[in-house]
Amino acid sequence: MTGRRDELADNLAVVQERIAAACRGCGRDPAEVTTVVVTKTWPESDVRLLADLGVRNVGENRDQEASVKAADLADLDLVWHFVGQLQRNKAASVVSYADVVHSVDRVSLVAALDRAAQREDRYLDALVQVSLHGDPGRGGADPGDVLAVARAVAASERLRLAGLMAVAPLGEDPAAAFARLAPLRQQVLTEFPDATWLSAGMSGDLEEAIAAGATHVRVGSAVLGRRPDVR
Ligand SMILES: *Cc1c(COP(=O)(O)O)cnc(C)c1O
């Protein structure tokens with residue numbers, strides 16, 4: 001286990017250095033960038049090691065896996081981020097453990113999350129996921145629908161509109177894709193000045209995301225290694 005701890009510590013240091021270098025490159029303060037370590041497919045023992053190494057923000061993309069991990073690891077002081085595509089019938093489960101939901105992409109989902117949060121007596125941070133790939137099957141609101149979803153979140157009782165989230169499409173220069181977020185973000189900020197978060201960037205494109213203003217990067221494989229089973 002010492003081996004794994006050292007490996008995670010080394011990888012975290014590399015990621016922090018990449019973030020610092022990216023911030024230097026665009027004149028930003030690294031303190032503005034929160035690293036969410038995406039632990040999907042990795043065992044609870046890894047999450048414990050990460051927590052011991054000072055990681056506070058962890059991300060998961062499947063409710064089935066995340067709900068078990070969050071319950072088993074409830075003794076740790078962690079902020080749980082749900083980053084995966086979300087069906088309405090999973091809203092109640094996700095709300096029971098997630099502190100932040102990154103993948104709010106339609107008004108019907110806002111209503112389901114809000115009702116669930118009322119029942120659980122919880123408050124959540126919510127990000128509106130923007131589709132940058134134009135493929136409705138892969139999650140994210142069309143850019144033209146983002147403001148309507150953001151307004152629904154802002155009007156809900158239990159969801160705080162924290163900002164926007166996006167995943168760069170495969171096969172496109174991530175910098176070009178992330179650049180499309182700026183006008184949308186500006187539009188949302190004009191109406192909702194507290195919605196300052198931008199969750200963008202993963203292991204392969206966190207530099208481009210930071211240059212495009214990301215406040216949260218979601219990093220999996222650069223910290224934990226290649227996922228054992230890719231779904
Ligand atoms: C898995 C996942 C990540 C992390 O991806 P890596 O390439 O392993 O860093 C980030 N965001 C979402 C939505 C994911 O599903």
Side-chain angles (χ1 to χ4, degrees), residues 4 7-8 10-19 22 33-43 46-47 49-50 53 55-67 69-70 78-87 90 94 97-106 109 113 124-133 135-141 146 149 162-175 177-178 181 197-231:
R4 183 61 169 157
E7 185 182 4
L8 294 176
D10 290 349
N11 291 345
L12 278 171
V14 170
V15 167
Q16 290 314 319
E17 184 40 50
R18 283 177 60 191
I19 292 170
V33 181
T34 298
T35 304
V36 178
V37 179
V38 180
T39 52
K40 67 190 185 199
T41 75
W42 295 100
D46 281 349
V47 186
L49 290 173
L50 289 167
L53 290 165
V55 168
R56 275 213 74 215
N57 292 278
V58 295
E60 288 282 335
N61 75 332
R62 287 175 72 243
D63 172 61
Q64 226 181 349
E65 177 180 351
S67 57
K69 277 182 176 162
L78 292 173
V79 178
W80 290 89
H81 296 250
F82 190 83
V83 303
Q85 261 186 278
L86 181 51
Q87 303 305 321
K90 301 286 188 187
V94 166
Y97 59 84
D99 303 289
V100 186
V101 177
H102 289 232
S103 44
V104 180
D105 60 2
R106 55 205 189 279
L109 184 58
L113 289 167
L124 311 188
D125 285 321
L127 298 166
V128 178
Q129 183 179 350
V130 181
S131 165
L132 294 176
H133 44 66
D135 175 354
R138 292 184 37 222
V146 165
V149 180
L164 300 180
M165 177 274 212
V167 179
L170 289 173
E172 186 187 353
D173 168 20
F178 291 142
L181 292 168
W197 296 8
L198 179 62
S199 166
M202 319 201 303
S203 294
D205 55 19
L206 65 86
E207 286 84 0
E208 289 87 349
I210 287 170
T215 62
H216 292 66
V217 292
R218 308 176 308 270
V219 182
S221 49
V223 172
L224 288 139
R226 269 181 62 178
R227 279 181 285 281
D229 63 339
V230 174
R231 287 181 268 249

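Whatever order the structure lists ligands and atoms in, that order sets their numbers, starting from 1.
Between the side chain of Asp105 and the backbone N or O of Ala141, no donor-acceptor pair lies under 3.5 Å. In this structure a side-chain-to-backbone donor-acceptor pair under 3.5 Å is missing from Ser221 to Arg226. Listed for the Arg138 side chain is no donor-acceptor partner under 3.5 Å among the backbone atoms of Pro169. Formation of a donor-acceptor pair under 3.5 Å by the Glu65 side chain with backbone atoms of Thr41 is found in this model. Here the side chain of Arg218 pairs a donor or acceptor atom with the backbone of Ser199 at under 3.5 angstrom.
Atom 3 (C) of ligand 1 has as its closest protein heavy atom Met202 SD, 3.7 Å. Regarding atom 6 (P) of ligand 1, its nearest protein heavy-atom neighbour is Ser203 OG, 3.5 Å.
The aromatic rings of His81 and His216 sit tilted, their planes meeting at an angle between 30° and 60°.
For ligand 1, the atoms lying closer than 4.0 Å to a non-hydrogen atom of Val219 are 9 (O).
Residue nearest to atom 4 (C) of ligand 1, selected from Arg226, His102, Arg218: Arg218 (by heavy-atom distance).
Contact annotation: for Val83 versus ligand 1, heavy atoms closer than 4.0 Å belong to both the backbone and the side chain. Looking at Lys40 against ligand 1, only its side chain comes within 4.0 Å, counting heavy atoms.
At under 3.5 Å, a nitrogen or oxygen of Gly220, whether backbone or side chain, sits near a nitrogen or oxygen of ligand 1.
Ligand 1 has at least one atom lying under 4.0 Å from a heavy atom of Arg227.
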